[in-house]
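Quick notes on the structure that follows.
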Amino acid sequence: MASLHDVALIAGVSKSTVSRVINDEYGVKGATKIKVQKAISECGYIPNQVAKDLKSQKTNLVGVIVPRVSSHATALGVDGLTSILDKAGKHVLLASTHQEHQKELEYIQIFNQKRVEGIILYATHLDKTLVNAIQISNVPVVLVGQDGSMHNIPSIVHDDYRVGYEAGNRLTAKGCKKIGFIGVQGDDLAVDKLRSQGLAQALEFNQLSLLFHARGNFSIESGYETVKEYLSKFTETDGIFCATDRIAVGAIRAIQENGITPGKEIKVLGVGNDELASVCTPSLSTFNYAFDKAGENAAKLLLERINNQGFEMSKVVLTFQNIERETC
């Protein structure tokens, strides 16, 4: 394997000059750079990236922490952020927490040890312990999906309260009066709390009250089991707002097994515009979230912090789009 010494011999320069060219330092003539680069190509020398990073104090690594990699939202978000980071010469280290809160703390610590330049965290909750871990991080952290702006943490969020309010308006406009909500764990402020609060506010405006607020997880099976249970308790249900599309797909199956037609006797709404929403039967009415734009904005915000720009607190709220299909 070729060494720095070999390159120096071929180019007719000192090893220190070769090192300066490799690290793109000032003070090297253009003609000398060309000779060194040609010598590197001829002998097949591969620079030691670790040593180069140590010298420059830059690793060009960004840590991305997601709750699960199988999610439609995660896939679009990662596509969005990598499109921006790639252009900036950054490389992504991806970690999945499998929706375990403790793993979020562990990966923040691990990524700091790995000397990443910044972290993008798709959080499923926001408590004092997580806020503290973010605040003591040696590198900047950008939150996606949860609002950390009150703790001076830059955040990219969706308009979850308003999507709940719009869901209530859509269901009542279709004649629903007995409306339930299928959410997730209660400490998920965005997906469970804000969406349910928006729904309840819209129902109150229409002189109605929320029939039930059930909690499961993000899976299709959870939506199926939860709706199956609650339909046996609340037989008068004529509308269901599900916190995610995958929950809603499970809800549709449970409704059908009860001999009821989704979209007729019981209206169903989801959130996210998952690929399954358009191919399930009947097709799911939902709200389209710009998950790719969330990733892009998170990457841009993080790059500003890495480059010591944009020190003022930043919070980006992304809007949504109504998607009308067969279930509502």
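The hydrophobic clustering, which links ILVMFWY residues whose side-chain heavy atoms are closer than 4.5 Å, places V69 and I220 apart. By the criterion of side-chain heavy atoms lying less than 4.5 angstrom apart, applied directly or through intervening Ile, Leu, Val, Met, Phe, Trp or Tyr residues, V157 is not grouped with V163; the two fall into different hydrophobic clusters. F212 and V184 fall within the same hydrophobic cluster, defined by Ile, Leu, Val, Met, Phe, Trp and Tyr side-chain heavy atoms under 4.5 Å apart, directly or through other members. No path of Ile, Leu, Val, Met, Phe, Trp and Tyr side chains, each step under 4.5 Å between heavy atoms, connects F181 with Y161, placing them in separate hydrophobic clusters. In the hydrophobic clustering of this structure, I266 does not group with I179; members are Ile, Leu, Val, Met, Phe, Trp, Tyr whose side-chain heavy atoms approach within less than 4.5 Å, directly or through other members.
Using a 4.5 Å heavy-atom cutoff, the side chains of L269 and L171 are in contact. V279 places none of its side-chain heavy atoms less than 4.5 Å from the side chain of E275. By the 4.5 Å heavy-atom criterion applied to side chains, Q135 and V141 are not counted as neighbours. Residues L81 and I120 have side chains in contact (heavy-atom distance under 4.5 Å, counting atoms from C-beta outward). The shortest distance between side-chain heavy atoms of I182 and I240 falls below 4.5 Å. Side-chain contact between I110 and Y107: present, with at least one pair of heavy atoms (C-beta onward) separated by less than 4.5 Å. Between L93 and V64 the shortest side-chain heavy-atom distance does not fall below 4.5 Å. The side-chain heavy atoms of V316 and I156, taken from C-beta on, include a pair separated by under 4.5 Å.
Judged by distance alone, with hydrogens and angles left aside, the side-chain atoms of R325 form a donor-acceptor pair with the main-chain N or O of L284 at under 3.5 Å. With hydrogens and angles disregarded, a donor-acceptor distance shorter than 3.5 Å links the side chain of T237 to the backbone of F234. Under the 3.5 Å distance criterion, the side-chain polar atoms of E265 are matched with a main-chain donor or acceptor of T261. The closest donor-acceptor contact from the side chain of S232 to the backbone of E229 lies under 3.5 Å. Of the possible polar contacts, one joining the D274 side chain to the L276 backbone as a donor-acceptor pair under 3.5 Å is found. Panel note: side chain S137, backbone P140; no donor-acceptor pair is recorded below 3.5 Å. With hydrogens and angles ignored, the 3.5 Å screen pairs no side-chain donor or acceptor of S149 with any backbone N or O of N152. The backbone N or O of Q99 sits less than 3.5 Å from a side-chain atom of T97, completing a donor-acceptor pair. Between the side chain of S222 and the backbone N or O of F218, no donor-acceptor pair lies under 3.5 Å. Although no hydrogens or angles enter the test, the distance criterion places no donor-acceptor pair under 3.5 Å between the side chain of E117 and the main chain of V62.
Between L301 and S155, the shortest heavy-atom distance links the atoms CD2-N, 4.2 Å. The minimum heavy-atom distance linking L199 with A167 is given by the pair CD1-C, 4.4 Å. Of all heavy-atom pairs spanning R215 and G186, the tightest one is NE-CA, 3.5 Å. The minimum heavy-atom distance linking P282 with T327 is given by the pair CG-CG2, 3.8 Å. Taking both residues in full, the closest heavy atoms of A202 and N169 are given as CB-OD1, 3.9 Å, listed atom of the first, atom of the second, then distance. Across every non-hydrogen atom of S314 and R305, the tightest pair is OG-NH2, 3.4 Å.
Just one of H125, H213, Q185 meets the side-chain hydrogen bond (donor to acceptor under 3.5 Å, both in side chains) condition when paired with D192; it is H213.
From I260, atom CD1 reaches atom CG of L231 across 5.5 Å, with rounding to the nearest 0.5 Å. In this structure, K177 NZ and T172 OG1 are separated by 8.5 Å, a value rounded to the nearest 0.5 Å. Expressed to the nearest 0.5 Å, how far CD of E296 lies from CG of L318 amounts to 10.0 Å. Note that the CG atom of L208 and the SG atom of C176 stand 9.5 Å from one another [nearest 0.5 Å]. From F241, atom CZ reaches atom SG of C328 across 10.5 Å, with rounding to the nearest 0.5 Å. The line from CG of L126 to CD of E104 is 9.0 Å long, rounded to the nearest 0.5 Å.
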Step by step, work out the side-chain contact (heavy atoms from CB on, under 4.5 Å) result for D79 and D292. CA-CA 7 Å; D79 281 348; D292 54 343; 5.8 Å; no

Starting from the C-alpha separation in whole Å, work towards a yes-or-no answer on side-chain contact (heavy atoms from CB on, under 4.5 Å) for K90 and L61. CA-CA 6 Å; K90 307 299 181 185; L61 297 176; over 6 Å; no

Run the side-chain contact (heavy atoms from CB on, under 4.5 Å) check on I108 and L130 step by step: do they pass? CA-CA 9 Å; I108 290 174; L130 183 57; 3.9 Å; yes

Verdict with reasoning, V139 to N112, per side-chain contact (heavy atoms from CB on, under 4.5 Å): CA-CA 7 Å; V139 298; N112 271 270; 4.0 Å; yes

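With no hydrogens or angles considered, a side-chain donor-acceptor pair links D245 and T286 at under 3.5 Å. A side-chain donor from one of H101 and D187 sits under 3.5 Å from a side-chain acceptor of the other. In this model, a donor atom of one side chain and an acceptor atom of the other lie less than 3.5 Å apart for E326 and S283. With hydrogens and angles left out, the side-chain atoms of T319 and R162 include a donor and acceptor closer than 3.5 Å.
Using a 30° and 60° split on the angle between ring planes, F291 and H158 fall in the perpendicular class, above 60°. Taking the six-membered ring where tryptophan is involved, the planes of F320 and Y289 are tilted, since the angle between them lies from 30° to 60°.
Stacking of R170 on the aromatic ring of F287 is recorded, both the 6.0 Å distance cut-off and the 45° axial limit being met. A cation-pi arrangement is absent between K114 and F111, since the terminal nitrogen or guanidinium carbon is not both under 6.0 Å from the aromatic centre and inside a 45° cone about the axis.
Electrostatic pairing of K267 and D238 does not count as a salt bridge here, judged by no charged N lying under 4.0 Å from a carboxylate O. A salt bridge is absent between E324 and K174: the closest approach of a Lys/Arg side-chain nitrogen to an acidic carboxylate oxygen does not fall below 4.0 angstrom. One finds no salt bridge joining K193 and D188 here, because no Lys/Arg side-chain nitrogen approaches an Asp/Glu carboxylate oxygen to under 4.0 Å. A salt bridge links D160 with R195; the closest basic N to acidic carboxylate O contact falls under 4.0 Å. The residues E257 and R253 are annotated as salt-bridged, a charged nitrogen and a carboxylate oxygen being separated by less than 4.0 angstrom.
Within 6.0 Å of CD in E106 there are more than 12 heavy atoms belonging to other residues, nucleotides or ligands. Within 6.0 Å of the CD atom in Q207, the count of heavy atoms belonging to other residues, nucleotides or ligands does not exceed 12. Annotation for F205: atom CZ does not count as buried by contact number, only 12 or fewer foreign heavy atoms lying within 6.0 Å.
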